Amino acid sequence: MKNIDVKILDPRMKDQMPAYATPGSAGLDLRACIDAPMVIEAGQTVLIPTGLAIHVADPGYAAMILPRSGMGHKNGIVLGNLVGLIDSDYQGQLMISTWNRGHSAFTLNPMERLAQLIIVPVVQVGFNVVEEFGDSERGEGGFGSTGKH
Ligand SMILES: O=c1ccn([C@H]2C[C@H](O)[C@@H](COP(=O)(O)OP(=O)(O)OP(=O)(O)O)O2)c(=O)[nH]1
Ligand SMILES: [Mg+2]
């Protein structure tokens, strides 16, 4: 397992640090570090602090914030940016853009598990500018182009 540096910005996170729920888990749940229950109206987007800052440091990795499936499916609580991408050099607090895409108000409680963090490998690339690409089976076909005769 790889270790990354973390700062605990909200003391309530000290005894609730994100942890893998099972040995096979990919995601680490992030909590809503708010002081009081917050009503998020249908269609509203609010920025919620997590009480944590991480420094991935290695440009070969990034962190991503993803919705929790239960929150998204049952309550309509997803991310205002759909996916949060955390750069390896970001050192600020992890923030969750929280969008109530549902049709009724949702009450978010302090320290509720709101979203999840995954760490993913990243390849940084340079560009070779060319006039023509080498041949490929797909070529320029996309958007449902396969399986047609
Ligand atoms: O859900 C998110 C998404 C981003 N960030 C932080 C970490 C990330 O490294 C930084 C910038 O994110 P991004 O590059 O996606 O946003 P931007 O709009 O391009 O801002 P910037 O100009 O700061 O790069 O904001 C979060 O805390 N939560
Ligand atoms: Mg950016």
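Values below: all heavy atoms of this structure, side chains included; hydrogens, waters and symmetry mates excluded. Indexing begins at 1, ligand by ligand and atom by atom, following the structure's order. Because the structure is a prediction, the values reported are computed rather than measured.
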Within the protein, is there a heavy atom lying under 4.0 Å from [atom]?
atom                    : answer
atom 17 (P) of ligand 1 : no
atom 23 (O) of ligand 1 : no
atom 9 (O) of ligand 1  : yes

Notebook entry, point to check: Got more than 12 heavy atoms from elsewhere within 6.0 Å of CG, D15?
Noted result: yes
Quick one: look up the protein heavy atom nearest [atom] and list residue, atom name and how far away it is.
atom                    : answer
atom 28 (N) of ligand 1 : M95 O, 2.8 Å
atom 4 (C) of ligand 1  : L85 O, 3.5 Å
atom 5 (N) of ligand 1  : I86 CD1, 3.6 Å
atom 25 (O) of ligand 1 : Y90 CE1, 4.1 Å

Next item on the list: Check each heavy atom of N81 against ligand 1 and say whether those closer than 4.0 Å belong to the side chain, the backbone, both or neither.
Entry: side chain
Check: For ligand 1, does D87 get within less than 4.0 Å through its side chain, its backbone, both, or neither, judged by non-hydrogen atoms?
Finding: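 Both backbone and side chain.
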Item checked: Interatomic spacing from CG in L30 to CD in Q16 - rounded to 0.5 Å -> 12.0 Å
Notebook entry, point to check: CG/L94 to CD1/I54 distance, rounded to the nearest 0.5 angstrom?
Noted result: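 It is 5.0 Å, given to the nearest 0.5 Å.
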Next item on the list: Using a strict cut-off of 4.0 Å, indicate which atoms of ligand 1 neighbour a heavy atom of G84.
Entry: 1 (O), 2 (C), 3 (C)
Next item on the list: Show which atoms of ligand 1 fall inside a sub-4.0 Å distance from at least one heavy-atom site of Q93.
Entry: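 Checking each atom against Q93, I get 27 (O).
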Test item: [X] and [Y] side chains (from C-beta on) under 4.5 Å apart, heavy atoms:
X   : Y   : answer
W99 : I77 : no
Y61 : K2  : yes
L47 : S97 : yes

Next item on the list: Examine M111 and M38 and state if one hydrophobic cluster contains both, with Ile, Leu, Val, Met, Phe, Trp and Tyr joined whenever side-chain heavy atoms are less than 4.5 Å apart.
Entry: yes
Next item on the list: Indicate if V46 and L114 have the same hydrophobic cluster label, given that clusters are the connected sets of ILVMFWY residues with side-chain heavy-atom separations under 4.5 angstrom.
Entry: yes
